[in-house]
Asker: 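Here it is, the structure, as structure tokens.
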Amino acid sequence: MPDNYYLDNFNTLVEFVAEHYWQLLNNEEQSFYRRYQSLDTPAQRLYIRLLSRRKSLFRQSKLHYEEIGHLDQAAIRLEQAGLVAIDPQLDIETLLQLFTRTDIQHALGVKSQSGRRAQLQQAISQHPQALAKLRRHERIIAVLEQQNFTVFRLLFFGNLYQDLTAFVLRDLGLQRYEPYRIDTDTLPFRSRSQLDKHLHYYACRELFDTAAAQGTTALLALNEQLPEPAADDHALQRRTEKLALAIARQLEREQANDEALSIYRQIVRAPARERLTRLLAKAGDTSAALALCTQIIEAPTCSEEFQFAAQFGQRLAKKNKMPWQGQATPTAPATTTITLPQTERSVELTAAAHFQQWGQCYYVENALITGVLGLAIWDIVFAAMQGAFYHPFQNSPADFNDPDFRVARQHLLLKRFAELENGALPGLVADNWQNKFGITNPLVSWRHLNIEVLELAIDKIPLNDWLALFEYLLQDLRNHRNGLPDLIFFPASGGYQLIEVKGPGDRLQNNQRRWMAQFNASGINHSVVNVEWESTVTAHA
DNA sequence: GTTGGGATTG
DNA sequence: GAATGTGTGTCTCAATCCCAACTT
DNA sequence: TGACACACATTCAA
Ligand SMILES: [Mn+2]
Ligand SMILES: [Mn+2]
């Protein structure tokens with residue numbers, strides 16, 4: 001790694017933002033950028049070093065950065081630029097965070113092994129002389145204006161969960177990204193108010209845990225604070241709705257059902273209507289609950305919601321002797337029970353080893369089917385679309401989880417499906433396995449795949465089955481990429497079977513049932529295998 | 001004296 | 001035995017250091 | 001730092 005790596009990375013980030021988003025920056029942020037630019041290199045380095053760490057307060061004696069040289073001078077220039085404070089006023093609690101338990105014992109003149117940290121802190125708080133002794137000969141540096149860098153990060157990445165480590169991981173080869181072209185003409189932020197709303201959202205999210213611990217009033221106050229995203233800002237809509245759903249769910253736990261209900265009423269995103277239905281039913285408003293079920297069935301936002309409404313509606317109607325349209329027809333999958341000696345390994349691997357007797361069996365869960373789709377449509381996932389790629393560290397296009405991902409790429413997908421029908425699948429999978437290996441892709445989990453199971457699967461699974469599986473996945477990439485069976489079994493006698501393993505006490509989950517309904521519709525061979533452990537007690541008896 | 005959870009680093 | 005809610009573990013980037021708990 | 005699947009407890013109905 002070059003000596004300047006973190007300086008270069010930081011500069012790349014802030015210069016991109018300054019170039020493309022200067023008009024969105026307020027005076028403070030513009031000043032922040034100018035003041036940073038006016039620093040000499042050692043001061044810039046020190047600032048970035050401090051900015052990259054989790055805490056904002058440091059004892060200078062604990063900082064060891066050979067490449068910076070004299071920290072004293074760098075720190076003073078940063079102070080002159082207003083980017084750090086030296087020896088700031090601190091309350092006792094904050095000050096003590098900077099020192100170890102041993103430091104505090106020494107200042108108090110106590111022997112080691114004398115109490116926990118909390119007790120020592122309590123003790124030293126009463127002794128001004130000991131506190132003064134702690135701080136004597138120490139220069140304390142507080143890094144300032146972190147929030148301004150946070151704004152730059154948000155503008156660059158479009159989120160706050162990525163940071164400068166993304167550059168390092170890429171440069172070390174630990175994360176590889178598809179070399180897509182960045183669409184600098186259509187960047188995600190268009191206005192200051194949009195940016196402010198995003199920042200506001202993150203501020204709210206940071207408050208959530210505290211509010212949840214405080215209870216109903218704090219949760220309701222937080223909900224009031226949530227920003228109102230612009231109609232075309234899908235990213236922020238998704239985030240605020242998820243946070244509102246979390247708030248409402250927590251309100252339910254606090255028994256504040258009416259308050260939760262009124263939040264759910266404002267949200268369509270799942271599982272808002274499901275929660276709403278449950279609350280209405282619990283409150284005894286059966287007809288409203290049933291009406292909502294009907295509404296969901298007519299226009300479901302996802303398969304899970306549809307399945308819920310069909311089952312819950314039927315049950316609720318039956319219980320209350322109310323009329324109900326439609327019969328849920330749960331088809332039980334073929335189920336067998338096998339008894340195996342318990343092993344150190346997981347029940348899935350143990351079962352796979354068992355089936356290995358009759359052919360070849362792999363523990364793949366979601367990785368195989370979604371992975372093959374990912375390899376089959378690799379170029380479409382990363383196709384240049386307006387606004388899809390706006391920084392170099394994306395694992396997927398910006399709209400990957402939106403329903404319109406498919407709509408926007410429909411012509412490409414139709415063409416690809418035609419190619420698949422003409423036998424393109426084996427070639428696409430082999431080529432992309434070869435050419436793209438290790439590159440991050442939202443559908444491909446390289447670690448859980450190997451070329452053997454891929455080749456076997458391509459060989460043994462008929463094309464029509466693949467097309468049916470792909471179709472269901474593409475209907476809702478976000479929600480249909482889980483729930484696939486644990487094992488794929490290729491019997492020596494030919495064909496294949498998808499097997500969901502269930503250990504003692506485990507039962508089919510709803511997403512697994514939904515996949516099995518698809519398997520049924522497409523005639524795909526599948527089963528549930530219940531594993532029981534050979535009891536050593538029984539064996540001896 | 002060990003260990004387990006972190007923060008930091010590249 | 002279903003339905004429902006909640007808790008847990010496993011992926012982790014890997015090597016190193018620090019620190020505060022303890023016969024884990 | 002979530003997503004995902006599983007483990008476990010409680011409740012309720014037949
Ligand atoms: Mn599984
Ligand atoms: Mn299973």
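The sequence lines fix the lettering, A, B, ..., with proteins before strands; numbering per chain opens at 1. Side chains are part of it too, since the values below use all heavy atoms of this structure and drop only hydrogens, waters and symmetry mates.
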Asker: Please pick, from dA5(D), dA20(C), dT1(D), the nucleotide with the shortest atom-to-atom distance to any side-chain atom of N366(A).
Answerer: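 Shortest atom-to-atom distance from the side chain points to dA5(D).
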
Asker: To the nearest Å, how far apart are L96(A) CG and dC19(C) P?
Answerer: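 Taking atom P of dC19(C) as the reference, CG of L96(A) is at 15 Å.
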
Asker: Give a yes/no on whether any side-chain N or O of R59(A) is located under 4.0 angstrom from OP1 or OP2 of dC18(C).
Answerer: no

Asker: With no hydrogens and no angle check, do the side chains of Y36(A) and N11(A) hold a donor and an acceptor under 3.5 Å apart?
Answerer: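 Yes, side-chain donor-acceptor contact under 3.5 Å.
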
Asker: Give me the distance, rounded to whole Å, that separates dT9(B) from dG7(C) when you measure between the P atoms they each carry.
Answerer: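 That atom pair is separated by 35 Å.
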
Asker: Between R116(A) and dC22(C), does any side-chain N or O lie under 4.0 Å from OP1 or OP2?
Answerer: yes

Asker: Are a donor atom and an acceptor atom from the side chains of H198(A) and D233(A) found within less than 3.5 Å of each other?
Answerer: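 A donor-acceptor contact under 3.5 Å links the two side chains.
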
Asker: Considering only NZ, NE, NH1 and NH2 on the basic side and carboxylate oxygens on the acidic side, decide whether R514(A) and D476(A) come within less than 4.0 Å.
Answerer: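 Not counted as a salt bridge, because no side-chain N and carboxylate O are separated by less than 4.0 Å.
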
Asker: When the C1' atoms of dG5(C) and dG10(B) are considered, how many whole Å apart are they?
Answerer: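 Comparing C1' positions in dG5(C) and dG10(B) gives a spacing of 43 Å.
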
Asker: Kindly indicate whether a cation-pi arrangement holds for R49(A) with Y6(A), taking the cut-offs as under 6.0 Å to the six-membered ring centre and within 45° of the axis.
Answerer: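 Output yes; distance and angle both within limits.
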
Asker: How are the rings of F382(A) and W378(A) set relative to one another: parallel (under 30°), tilted (30 to 60°) or perpendicular (over 60°)?
Answerer: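 Rings of F382(A) and W378(A): tilted, as their planes differ by 30° to 60°.
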
Asker: Tell me the interatomic distance from Q105(A), atom CD, to dA20(C), atom P, rounded to whole angstroms.
Answerer: 9 Å

Asker: Would you indicate what F312(A) reaches in the nucleic acid, counting non-hydrogen atoms under 4.0 angstrom: base, sugar-phosphate, or nothing?
Answerer: sugar-phosphate

Asker: Would you indicate what R205(A) reaches in the nucleic acid, counting non-hydrogen atoms under 4.0 angstrom: base, sugar-phosphate, or nothing?
Answerer: sugar-phosphate

Asker: OP1, OP2 of dA2(C) versus side-chain N and O of R507(A): anything below 4.0 Å?
Answerer: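 True: R507(A) side-chain N/O within range (under 4.0 Å) of dA2(C) OP1/OP2.
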
Asker: Closest to the E500(A) side chain: dA5(D), dC6(D), dA3(D)?
Answerer: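 Of all the options, the side chain of E500(A) is nearest to dC6(D).
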
Asker: If I pick the P atom on dG2(D) and the same atom on dA7(B), what distance separates them, to the nearest angstrom?
Answerer: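 Per the computed distance, 15 Å lies between those P atoms.
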
Asker: How far, in whole Å, is dA3(D) from dA15(C) if one measures between their P atoms?
Answerer: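 It comes out at 28 Å once rounded to the nearest Å.
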
Asker: Which value, in whole Å, describes the distance between the C1' atoms of nucleotides dG6(B) and dT23(C)?
Answerer: 23 Å

Asker: Scan K242(A) against the nucleic acid and name what it touches under 4.0 Å (heavy atoms): base, sugar-phosphate only, or nothing.
Answerer: sugar-phosphate

Asker: Sticking with atom P, work out how far dT8(C) lies from dT8(B), rounded to a whole angstrom.
Answerer: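 Between the two P atoms, the distance is 27 Å.
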
Asker: Would you measure the distance from the P atom in dG4(B) across to the matching atom in dA5(D) and give it in whole Å?
Answerer: 29 Å

Asker: Under 4.0 angstrom, heavy atoms only, what part of the nucleic acid is D486(A) near: base, sugar-phosphate, or nothing?
Answerer: sugar-phosphate

Asker: Please report the shortest heavy-atom distance between A212(A) and E254(A), naming the atom on each side.
Answerer: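 Smallest heavy-atom distance, with atoms named: O-OE2, 3.8 Å.
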
Asker: Please state how far atom CG in D506(A) lies from atom C1' in dT8(C), giving the value in whole angstrom units.
Answerer: 14 Å

Asker: In whole angstrom, give the distance that lies between atom CG of L98(A) and atom C1' of dC18(C).
Answerer: 15 Å

Asker: Rounded to the nearest Å, what distance is computed from the NZ atom of residue K318(A) to the P atom of nucleotide dA3(C)?
Answerer: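 Computing the K318(A):NZ to dA3(C):P distance gives 11 Å.
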
Asker: Can you tabulate the close N/O pairs, meaning under 3.5 Å, that link protein atoms to atoms of nucleotides 8-10 of chain B?
Answerer:
from	atom 1	to	atom 2	distance (Å)
dT8(B)	OP1	R53(A)	NE	3.1
dT8(B)	OP2	R54(A)	N	2.9
dT9(B)	OP1	Y65(A)	OH	2.7
dG10(B)	OP1	R49(A)	NH2	3.3
dG10(B)	OP2	Y5(A)	OH	2.2
dG10(B)	OP2	R49(A)	NH1	2.7
dG10(B)	OP2	R49(A)	NH2	3.0
dG10(B)	O5'	Y5(A)	OH	3.2

Asker: From the list dC19(C), dC6(D), dA5(D), which nucleotide is the closest neighbour of the side chain of K502(A)?
Answerer: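 It is dC6(D).
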
Asker: Looking only at the side chain of R478(A) (C-beta and beyond, no hydrogens), which of the listed nucleotides dG2(D), dC4(D), dA3(C) gets closest?
Answerer: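 Within the option list, the nearest is dC4(D).
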
Asker: May I ask you to verify if any side-chain N or O of K62(A) is less than 4.0 angstrom from the OP1 or OP2 atom of dC17(C)?
Answerer: no

Asker: Determine, for R275(A) against E252(A), whether the closest basic-nitrogen to carboxylate-oxygen distance falls under 4.0 angstrom.
Answerer: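 Salt bridge: yes.
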
Asker: Round to a whole Å and report the spacing from CZ of R101(A) to C1' of dC22(C).
Answerer: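 Nearest whole value for this atom pair: 11 Å.
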
Asker: Looking at every strand, decide which applies to G483(A) at a 4.0 Å heavy-atom threshold: base, sugar-phosphate, or nothing.
Answerer: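 The residue G483(A) makes sugar-phosphate contact but no base contact.
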
Asker: Please determine if a side-chain N or O atom of Q509(A) lies less than 4.0 Å away from the OP1 or OP2 oxygen of dC4(D).
Answerer: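 No, because none of the side-chain N or O atoms of Q509(A) sits under 4.0 Å from OP1 or OP2 of dC4(D).
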
Asker: In whole angstrom, give the distance that lies between atom CZ of F208(A) and atom C1' of dT1(D).
Answerer: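 For the pair F208(A) CZ and dT1(D) C1', the rounded distance is 15 Å.
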
Asker: What is the separation between atom CG on L51(A) and atom C1' on dA7(B), rounded to the nearest whole Å?
Answerer: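 Distance, rounded to whole Å: 16 Å.
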
Asker: For the backbone of D402(A) and the side chain of D399(A), can you confirm whether one donor and one acceptor N or O come within less than 3.5 Å of each other?
Answerer: no

Asker: Show me the protein contacts with nucleotides 5-7 of chain C, counting only N or O atoms at under 3.5 Å.
Answerer:
from	atom 1	to	atom 2	distance (Å)
dG5(C)	OP1	R275(A)	NH1	3.2
dG5(C)	OP1	R275(A)	NH2	2.7
dG5(C)	OP2	R275(A)	NH1	3.2
dT6(C)	OP1	R253(A)	NE	3.2
dT6(C)	OP2	R253(A)	NE	3.3

Asker: Is a donor from one side chain sitting under 3.5 angstrom from an acceptor on the other, for Q60(A) and D72(A)?
Answerer: yes

Asker: When the P atoms of dT1(D) and dT16(C) are compared, how many Å lie between them, rounded to an integer?
Answerer: 27 Å

Asker: Given L373(A), which of L368(A), L443(A), V444(A) fulfils the side chain to side chain contact (heavy atoms under 4.5 Å, CB included) condition?
Answerer: L443(A)

Asker: Please state whether the phosphate of dC19(C), meaning OP1 or OP2, lies under 4.0 angstrom from any side-chain nitrogen or oxygen of R117(A).
Answerer: no

Asker: Donor-acceptor pair, distance only, cut-off 3.5 Å: does the side chain of N450(A) make one with the backbone of V453(A)?
Answerer: yes

Asker: Would you please classify the geometry between the F393(A) ring and the F157(A) ring as parallel, tilted or perpendicular, with 30° and 60° separating the classes?
Answerer: tilted

